[in-house]
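Chain identifiers are assigned alphabetically (A, B, ...) following the order of the sequence lines, protein sequences preceding nucleic acid strands; residue numbering begins at 1 within each chain. Remember, it's a predicted structure, so these values are computed and weren't measured experimentally. All heavy atoms count here, side chains included; hydrogens, waters and symmetry mates do not.
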Amino acid sequence: MAKQQLNRREFFSFLTVGWVAFTAATAGLLSLAFRFSYPNVNFEPEMEFLAGGPSEFEAGVDERYKNGFGVWMVKQDGKLFALSNICTHLGCIPSWMPAEKKFKCPCHGSGYYMSGINFEGPAPRPLERYKVSLTPEGKIRVDKTKVYRYEKGEWNNPNSFISV
Amino acid sequence: MSAKGLADKVRDTQVWKSIFRHGPPNNSRNRAAVVAGNVFLHLHPIKLKKSGVQLGYTWCMGGLTFFIFLALTVTGVLLMFYYRPTAEYAFNDIIALREHVPLGIMREIHRWGAHAMVITVWLHMYRVFMTGSYKPPREFNWGVGVILLVLTMLLSFTGYLLPWDQLAIWAITVGSNMAKATPFAGHGGPGAALAQIGDFVMVSDKNDVRFQLLAGRFVGEPALLRFYILHCVFIPLVVGVLIAVHFWRVRKDGGISAPL
Amino acid sequence: MKHFINIIADPIFSFPIFSLLFFAMIKWYRVVGTKKFAWIFLAISVPVTVWFLADPQFIKIILWPDNIPINILVILIVFLTWFPLYKAAENDKRLEQGLEPVEALPENREKVWAWPNLVYTELFAIIAGTIFLVVWAIIFKAPLEEPANPTWAPNPAKAPWYFLGLQEMLVYFDPWMAGVVLPGLIVVGLIAIPYLDTNPKGNGYYCFQDRKFAITGFLYGWLVLWIYLIIVGTFLRGPNWTFYGPFEYWDFHKVVAEYNVNLSEFLWLKWLNTSMPKNIFVREALGIALTFAYLIGLPFISLKTKFGKDLLEKVGTMRYYIVIFLVISMGSLPIKMVLRWLFSLKYIVALPEIELNL
Amino acid sequence: MSKKQEPGMAYDMSKLNKVFAILSIGLLITTFWVFLDDYIRPWKAVQLEALQIRQSKLKEKVEEAKKNIDQEKLSALESQLAQGQKDAEGRVDQISKVQAEMKAIERDIKQETIVNGRLNSMVSATTFKYEIANSHGDANAQSLLKTLRNFKKDFELSRDRMKMLESTMKEKTKLLDSLQAEKLQAEKSIEETTRTLDLLKLSLAKTNVTPVFAIRNAPFLDFLDPTLKIQQIVINNVTDDRYFVSVPKVDRCITCHTFIDQTGYEDQPNPHKTHPNLELMVATDSKHPMKQFGCTSCHGGEGHRVHDFNSAAHIPQNEEQKAEWIEKYNWHEPHKIPQPMFKLQHTEASCVKCHQGVEHLPGANKLNAGWEKMEEYGCYACHKIEGWEHKRMPGPSLQKISSKITKEFFKNWVWSPKGFNQHAKMPAFFAQSNNSKPEFMEKNIVEVNAMAEYIWDKAEGYKPFAKYQGGNAEKGKELIKEVGCMGCHGVEGWDAESKKVGAYAGPYLTGTGSKVKSPDWLVSWLIKPSHYQEDTIMPSLRLTDKEANDIAAYLLSMRNTKFDKLKFETLNEDLRDELLVEYFAAFDTLEVAEQKVAAMSDRERTLELGYRSVGKYGCYSCHSIEGFDGRQGIGPELTKEGSKPLTQFGFNQQHDIEHSRDGWIKAHLINPRRWDGGLDKPFKDLTRMPNFYMTEKEAESMTLAILGQVSDEVPLKGVKRLNAQEKLANEGMKVVNKYSCVGCHSIDGWGGNIVKMYDDANEGPPQLNREGFRVQSDWLYHFLGNVKPIRPWLKVRMPSFNLSTEEKNKIVTGFQAKASQPTFVANDAKVEWEPGERAAALKLFEALACTSCHATGFTKDQASAPNLYKAKPRLRPDWIEAWLHNPQEFMPGTVMPSFWEGGESLEEGILGGDANKQVKALVKYILEIGEEEIRSPMRR
């Protein structure tokens with residue numbers, strides 16, 4: 001009787017170990033496919049660029065860096081900031097309407113003021129601003145990897161604008 | 001020699017007999033044999049309730065879905081001869097189909113077939129619901145069917161990108177941006193903002209589900225390749241396996257639904 | 001007349017109208033489900049359709065190649081909505097008389113040979129299907145627009161038509177709801193149907209009386225919340241995702257007066273006349289409370305009603321809560337729509353800080 | 001336990017489970033292994049090392065920043081802050097009142113925003129409705145307009161309210177700030193004082209290895225946001241050749257070379273070192289920023305491979321480094337790599353693929369040296385090289401050779417040029433390692449004889465126009481040095497000076513007496529070289545007959561006695577016929593060939609062999625010989641030599657030569673005949689490339705230039721495309737280089753070697769810096785055609801070149817373009833003086849004693865500076881002004897004093913001591929006296 005129990009325990013533990021190891025290994029091998037789908041390098045455009053000197057900008061919206069880098073340089077109320085051109089609704093690209101002084105997204109009609117704050121359409125929040133800094137040479141460096149969002153109160157962050 | 005005589009002669013050859021192991025299906029025995037002895041017809045039962053062949057009852061939508069799936073497989077494989085999934089060539093290859101590829105109408109058949117398949121699969125589900133055919137013992141097969149419906153739409157969705165025109169990339173942009181909003185797994189979704197330690201952003205546009213789908217931060221060439229693979233290989237394989245399960249269960253769960 | 005139709009086609013009007021028509025159809029399904037009704041309907045709808053098609057703007061949208069499947073779908077749906085009702089009405093009459101449904105008649109239960117009965121039916125379907133596809137392909141060219149340009153979005157940018165229901169939902173919900181949670185619930189809900197619907201009746205034949213709740217719920221979701229939204233998204237949404245009537249020219253510059261306000265803004269600014277609290281959860285407390293009340297309170301409240309009691313009794317506690325949850329989720333869309341139209345309400349819970357908007 | 005199985009069971013269940021468990025554990029281990037195998041990469045270790053280096057550097061900087069902070073000041077500020085806080089606490093009532101007010105305004109703003117937004121949308125929507133109704137002529141247009149106007153009015157009102165609220169808010173904010181001004185001020189000052197330190201500390205904190213760092217870089221999780229990652233640069237403008245397809249280059253070198261573009265790491269060992277030439281390369285503001293040009297565009301190698309040190313195809317620069325790398329990185333020769341990295345010393349070769357068709361590339365000194373050598377030895381004559389087609393034949397014309405030298409000299413010279421002149425540029429074809437077998441030598445002798453016969457047969461007669469009358473050899477020797485011959489020629493008698501100058505445009509002058517057939521020819525040649533050979537680059541130095549005779553006397557006195565005694569063997573007719581038969585037999589049977597030869601006369605046979613031999617050795621590529629017009633050179637094209645697969649280089653049996661492209665090319669240049677060593681080749685197949693007896697150094701620099709001739713097709717966007725101005729400048733410089741102007745003049749830092757011969761640079765030819773800005777274009781044009789000395793005190797002479805009009809124009813516009821001068825300057829306007837300015841100018845002219853050097857026309861003294869009366873037609877007024885301000889800028893080392901150094905005038909009394917005004921006045925005066933000169937040019 002005692003011997004049989006031991007056998008049973010032995011039997012049980014091998015089976016358990018086997019299944020646990022097998023499940024873990026299979027999960028591990030499946031996760032290979034998951035990790036495999038995230039490339040280690042990407043070939044997308046640079047996330048950092050130099051956007052001339054602060055004196056090159058006049059008050060208002062500057063579209064020079066829109067096509068190349070997806071950024072509007074906006075000078076408003078003594079602040080120069082880099083505004084993302086990606087609609088916060090579904091990622092379409094709004095157009096700047098100089099006459100109406102607003103950005104209008106063609107996909108679902110979201111509208112934004114020059115500051116990037118949304119006021120119409122389905123956009124859930126204002127456009128994002130990117131990190132801007134001055135290089136030692138006095139050029140503006142725009143870093144798109146760091147975003148500043150209005151609703152989080154980040155537009156007061158000194159990295160989100162350049163005082164001009 | 002009369003036509004009938006010729007037919008009989010052909011039927012009598014060893015070649016014919018080696019392929020068809022039974023006589024013409026004009027008696028019970030042979031009608032059973034023709035279905036049971038043919039690997040393709042073998043999907044069918046040998047006999048079924050009369051309601052199972054009544055269009056007013058079945059709408060034939062499931063059968064049409066399967067037929068369109070096969071048609072799409074054939075046309076799709078053919079289209080692959082002329083199509084290269086790169087930003088460089090994709091669009092031009094589609095133009096080529098319209099302009100100079102012999103019978104480039106294959107693309108139209110494929111595209112409209114894809115739309116038709118979405119419709120038939122929806123209507124199939126609609127009919128199954130209206131006749132209450134999901135009820136026991138067919139609960140599991142209904143579930144398989146729902147998954148097949150989702151996969152059908154994903155197949156169509158992934159194929160939508162391949163022409164690499166404005167319609168394609170913006171439809172996929174709109175669609176894939178929804179993945180961005182997945183709670184906790186997409187960088188624009190609820191909770192993503194919480195997964196951050198210092199400057200270590202755990203959910204960002206470089207590592208969320210949308211990035212995995214597109215292999216990039218936006219719909220670009222890597223996304224085209226990924227969608228191509230999903231569209232041509234991965235999803236069809238899964239669909240094929242599930243169709244087998246689905247049909248198998250139709251037979252095992254009592255044939256085409258009918259009143260109990 | 002066209003002007004009037006242009007106006008009432010706006011979801012603000014057409015959605016309630018459509019919903020009312022739907023419920024009327026369900027209520028008087030025995031009237032609808034007759035051949036007489038069908039002929040009358042056909043007699044009315046053919047000239048109306050012709051009149052619609054005579055409009056250049058309408059026909060332009062209708063004939064846009066990628067919209068063809070939807071036209072086909074609409075025609076099929078109209079017929080296939082009537083047809084089950086017709087069949088159900090017939091069966092229900094028989095059931096009331098104590099007879100078995102038509103499908104269960106001995107002559108229909110008779111076993112027949114698969115060859116040639118089934119095989120030939122399939123063959124005909126295949127041939128007809130092939131003809132249909134090839135003819136369709138010959139008449140309508142597959143669309144091909146300008147080469148892909150990631151820096152410029154066409155206007156309007158639409159998802160494939162079968163997702164336009166979801167895209168239309170995006171007007172009322174944030175992507176995480178409209179794009180992830182609601183579709184997820186649809187799929188899960190569909191899979192769960194056989195496990196929730198414990199009603200043994202109506203298995204394998206058309207009927208309505210025995211499955212009233214199941215059929216009404218499903219058809220509402222299918223016809224109103226899915227097909228109707230696809231039609232709106234396809235035919236009635238133009239540049240900037242602005243509403244355009246069926247006869248209205250898609251003027252790029254059309255602007256619709258729209259300014260939406262969050263519930264929290266109503267609460268603090270309008271009702272309490274004070275500034276918004278700094279703490280975001282305090283700020284949204286009302287919306288969060290209402291959401292929880294809707295999700296958790298409502299199932300309990302419905303227990304008090306006869307419907308709730310009956311349902312609980314029939315399916316048991318677990319199924320009851322799941323069914324109610326699914327129904328509530330489905331109901332959130334029309335509720336949100338109505339709130340938007342009546343009060344210009346943007347979000348009930350507005351937490352853009354953590355991307356959680358409801 | 002019994003071994004008996006259950007019925008229906010082949011195995012015991014527990015046994016199956018055991019096997020299952022063991023296999024599963026094996027699978028699990030394999031799974032871990034595969035992740036680890038993928039995870040462990042050498043570059044991660046390098047990046048960790050870089051992190052430590054950065055940390056230690058930052059620590060130093062933090063220490064330094066700490067020292068820089070004035071502690072006393074800081075504690076003073078802190079006490080100020082405490083005081084400020086106290087002050088603010090004192091006004092707490094006021095502050096909270098203002099805050100409450102602000103809260104109310106905040107609410108109002110929010111409410112107004114909503115009202116404003118609503119109205120805004122109503123305005124837009126109604127505008128649209130109205131415009132549509134109006135354009136359609138609908139009845140309700142007027143009522144819509146009315147509504148619209150109302151909305152607009154309301155909207156304006158709302159906007160005004162909004163502005164009002166916002167400005168009140170601003171006021172309140174200011175008020176709040178002023179209530180706590182001391183506190184805020186102190187806070188700001190403290191922040192400013194410690195800002196640098198804070199920033200540094202922040203960066204330092206990022207270099208710590210924390211648990212978060214570990215998680216970010218953990219296996220599997222490292223897809224989230226790793227800090228250790230492959231860094232890459234994608235370069236669309238420079239491509240990798242994938243044969244019929246070009247793909248953008250991807251360089252991942254910076255994965256390990258972390259600090260390559262950052263200053264401050266110059267002291268680190270590789271790979272952590274800063275790039276040594278950030279000014280020209282890598283840095284963002286350099287001409288070749290890393291982001292645009294990457295690394296392998298210049299260095300070569302497999303920039304996209306980061307698997308390990310070897311995969312990038314690193315190549316050691318020498319044996320020592322090779323040994324070090326083998327030790328350190330287990331280095332091995334790259335296998336199957338089309339373009340391994342250039343050795344460090346060969347990097348400049350890469351310049352060629354983008355900077356094509358230029359004569360001289362500033363900054364690429366090794367490459368320039370290589371190009372100079374290729375020019376000197378005339379590689380381009382036998383080998384086609386794209387971009388070198390415009391070069392002239394490097395050797396003298398043989399069209400009139402019979403009047404210049406004897407046939408005997410010719411044969412001996414051809415047999416061994418170095419035997420006559422060890423500096424001879426003419427390479428040796430004969431008596432080399434591969435053809436010194438007696439049998440070959442005999443045939444070579446026949447060939448040389450036949451070539452001489454052929455060339456003499458074709459030569460035209462030439463009659464010298466001058467007669468040699470004898471001269472003073474000593475004087476001639478001096479003259480050679482004085483007048484500037486040594487800008488182009490080395491001279492035996494001036495060996496030390498020749499070495500210093502290193503001139504190469506003309507031959508080294510030695511043994512001339514043994515070479516030249518007739519003294520009359522020599523005198524004629526010296527006086528007017530173009531009389532003998534029209535297209536010669538040898539200029540006339542406007543020698544008088546006496547001077548020419550003196551120089552000729554000197555040159556004739558140089559004899560090579562050893563060479564004089566040589567007697568070349570005569571032609572062996574049998575061998576000649578044998579060779580001829582061999583030629584004919586190439587396309588005919590031996591019999592027919594022999595018949596053909598038999599049918600020819602003796603003379604015909606010799607001439608035929610001569611013709612064939614000239615063709616065989618390619619003499620016509622360097623020398624103009626009649627009968628060979630339009631024939632291609634005999635060497636293979638070198639345009640793509642740098643990309644030729646290594647397997648196509650014939651190393652043959654030379655196993656001690658380094659097995660690399662550069663190894664082969666260098667060995668080939670030093671002794672091209674070496675490849676025949678150990679092979680059994682027939683006479684006609686012997687390697688023909690002659691031996692230049694190059695030094696190792698020469699071969700090395702030419703190797704670099706040839707390595708640069710790669711086949712990489714750089715996209716148009718990537719190559720340096722000369723703009724219109726640069727093109728003109730380059731064309732000008734081609735002519736300048738052709739005539740070896742750079743042998744004497746240093747042109748913007750290029751050339752001017754002859755100056756090295758002088759102790760005082762001012763005694764040599766003038767530097768031509770921004771010459772196009774200095775001189776008037778029409779003057780320069782005129783001057784080139786009609787040289788008149790400007791600096792009479794100089795002994796060296798500006799020669800009179802035999803330039804065509806086109807060439808003169810190219811030089812003038814080239815200089816003009818090089819100095820960014822679009823056009824000439826019209827300065828024939830009469831000088832207009834401000835009141836009193838002229839007097840001041842005269843006073844200055846006196847005070848600065850201009851005439852003590854610029855004496856011409858003013859005093860009888862010997863002038864030691866150019867004639868001021870001639871300045872106006874020659875110089876541009878702007879240049880004169882700039883020159884007066886700072887002469888050293890234009891001519892470093894000039895004796896012209898800087899009177900206005902640093903913008904300060906020495907003469908404070910004149911024109912208020914204003915340097916600008918003074919200079920301007922002087923310029924006007926110089927222009928004015930120039931006018932007089934033009935009117936009465938006799939004055940000197």
*Taking only residues two or more places apart in sequence or in another chain, which ones pass ring-ring contact (aromatic ring centres under 6.0 Å, His included) with B:Trp248?*
none
*OH of A:Tyr148: more than 12 outside heavy atoms within 6.0 angstrom?*
yes
*asked:* Using a 6.0 Å cut-off, check whether atom CG of B:Leu103 has over 12 heavy atoms from anything other than its own residue.
replied: no
_Restricting to non-hydrogen atoms, name the atom on A:Ile93 and the atom on B:Trp170 that form the minimum distance, rounded to 0.1 Å._
CD1-CH2, 4.1 Å
*Using a heavy-atom distance cut-off of less than 4.5 Å, which residues of residues 214-246 of chain B contact chain A?*
B:Gly216, B:Arg217, B:Phe218, B:Arg226
*Within the distance-only criterion (no hydrogens, no angle test), does the side chain of A:Tyr38 pair as donor or acceptor with the backbone N or O of B:Phe211 below 3.5 angstrom?*
no
N/O donor-acceptor pairs under 3.5 Å from side chains in residues 63-71 of chain B, not counting sequence neighbours:
{"unit_1": "B:Thr65", "atom_1": "OG1", "unit_2": "B:Met61", "atom_2": "O", "d": "2.6"}
{"unit_1": "B:Thr65", "atom_1": "OG1", "unit_2": "B:Thr120", "atom_2": "OG1", "d": "3.1"}

*Please check if atom OH in B:Tyr89 has more than 12 non-hydrogen atoms from other residues, nucleotides or ligands closer than 6.0 Å.*
no
*Which atoms of A:Phe43 come close to chain B, meaning under 4.5 Å heavy atom to heavy atom: side chain ones, backbone ones, both, or neither?*
neither
*Count the heavy atoms belonging to other residues, nucleotides or ligands that lie under 6.0 Å from NZ of A:Lys66, then report whether that count exceeds 12.*
yes
_Please list all pairs meeting ring pair (Phe, Tyr, Trp, His ring centres under 6.0 Å) that have one or both residues in residues 134-153 of chain B, counting only residues at least two apart or in different chains._
B:Phe129-B:Tyr134, B:Tyr134-B:Trp142
